[in-house]
Amino acid sequence: MKRIKIDRKKCIGCLTCVTACCVAHESSDSRNRITVDSENKPAPIFCRHCEHPECVYTCMTGAMYKDKETGYVQYDKNKCASCYMCIMACPYGVLKSDSLAQKEIMKCNMCVHRTEDGSAEPMCVEQCPMQAITFGEVDATCDM
């Protein structure tokens, strides 16, 4: 399965991936973020599109679902009850409420909306100047 991979040794915390995400989604807020770890180094945080996603299991309406074809965890805002169980269930703290459309969840959709067939690389991958973020085949687990 294709996933976003992060090489933290290459990340300089420039926030280009965060900006690229905002541009790709025409949003004022990104679906990824950069934090600082206990060693004061940049720590990019992205949705892992887990094999067994807690956000999907806790979603009572089916708004969070795992696409059977791609394996990506997707979000259907039209089904969302705004209970935020998915946010609370994510063990990685990736999901968040949209700051503008407060009844919607923000999560990475791997930029499948960028091309008709969903084959484009995520914008954060394309724009990373350090190539700290790549897109490629990985095992279908959360351990990346």
A.B. asks: How far apart are the closest heavy atoms of C59 and A63, and which atoms are they?
C.D. replies: SG-N, 3.2 Å

A.B. asks: What's the spacing between D29 CG and C22 SG if we round to 0.5 Å?
C.D. replies: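 D29 CG to C22 SG: 6.0 Å, rounded to 0.5 Å.
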
A.B. asks: Kindly say whether V73 contributes a backbone atom to a donor-acceptor pair with the side chain of K107 at under 3.5 angstrom?
C.D. replies: yes

A.B. asks: Does any part of the side chain of H25, heavy atoms only, come nearer than 4.5 Å to the side chain of C111, both counted from C-beta?
C.D. replies: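 A side-chain contact under 4.5 Å exists here.
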
A.B. asks: Considering all heavy atoms of both residues, which atom of C108 and which atom of C47 are nearest to each other, and what is their separation?
C.D. replies: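 Smallest heavy-atom distance, with atoms named: CB-CB, 3.8 Å.
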
A.B. asks: Would K103 and D98 pass as an ion pair if we require N to O under 4.0 Å?
C.D. replies: no

A.B. asks: Indicate yes or no for a side-chain donor-acceptor contact from T61 to the backbone of K79 under 3.5 Å, with no hydrogens or angles considered.
C.D. replies: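 Yes; at least one donor-acceptor contact below 3.5 Å.
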
A.B. asks: Please check this pair: side chain of K66 against backbone of G71, looking for a donor-acceptor N/O pair closer than 3.5 Å.
C.D. replies: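 Pair found, side chain donor or acceptor close to backbone of G71.
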
A.B. asks: Under a 3.5 Å distance rule, please check whether T35 uses its side chain to pair with a backbone N or O of A43 as donor and acceptor.
C.D. replies: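 Side chain of T35 to backbone of A43, a donor-acceptor pair under 3.5 Å: yes, one is there.
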
A.B. asks: Closest heavy-atom contact between D67 and Q74?
C.D. replies: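 Nearest pair, atom of D67 first, then Q74: CB-CG, 4.4 Å.
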
A.B. asks: Taking atom CZ of F135 and atom CE of M110, what is their separation to the nearest 0.5 Å?
C.D. replies: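 Here the rounded value is 4.0 Å.
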
A.B. asks: Indicate, with yes or no, if L95 and Y72 share a hydrophobic cluster defined by side-chain heavy-atom contacts under 4.5 Å among Ile, Leu, Val, Met, Phe, Trp and Tyr.
C.D. replies: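 Per the 4.5 Å side-chain linkage, Y72 and L95 are not co-clustered.
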
A.B. asks: State whether R114 and E126 are salt-bridged, where the test is any N-O pair (Lys NZ or Arg NE/NH1/NH2 against Asp/Glu carboxylate O) under 4.0 Å.
C.D. replies: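 Salt bridge present between R114 and E126.
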
A.B. asks: Kindly give the heavy-atom pair with the smallest separation between I87 and S97, and that separation in Å.
C.D. replies: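 Looking at all heavy atoms of both residues, the closest pair is CD1-N, 3.6 Å.
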
A.B. asks: Indicate yes or no: at least one non-hydrogen side-chain atom of I105 is less than 4.5 angstrom from one of K77.
C.D. replies: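 The answer is no, as the side chains (C-beta and beyond) never meet within the 4.5 Å cut-off.
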
A.B. asks: So with a 6.0 Å cut-off around NZ of K2, is the heavy-atom count from everything else above 12?
C.D. replies: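 It does not: K2 NZ has 12 such atoms or fewer within range.
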
A.B. asks: Once you round to the nearest 0.5 Å, how far does CG of L15 lie from SG of C124?
C.D. replies: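 Spacing of CG (L15) from SG (C124) equals 13.0 Å.
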
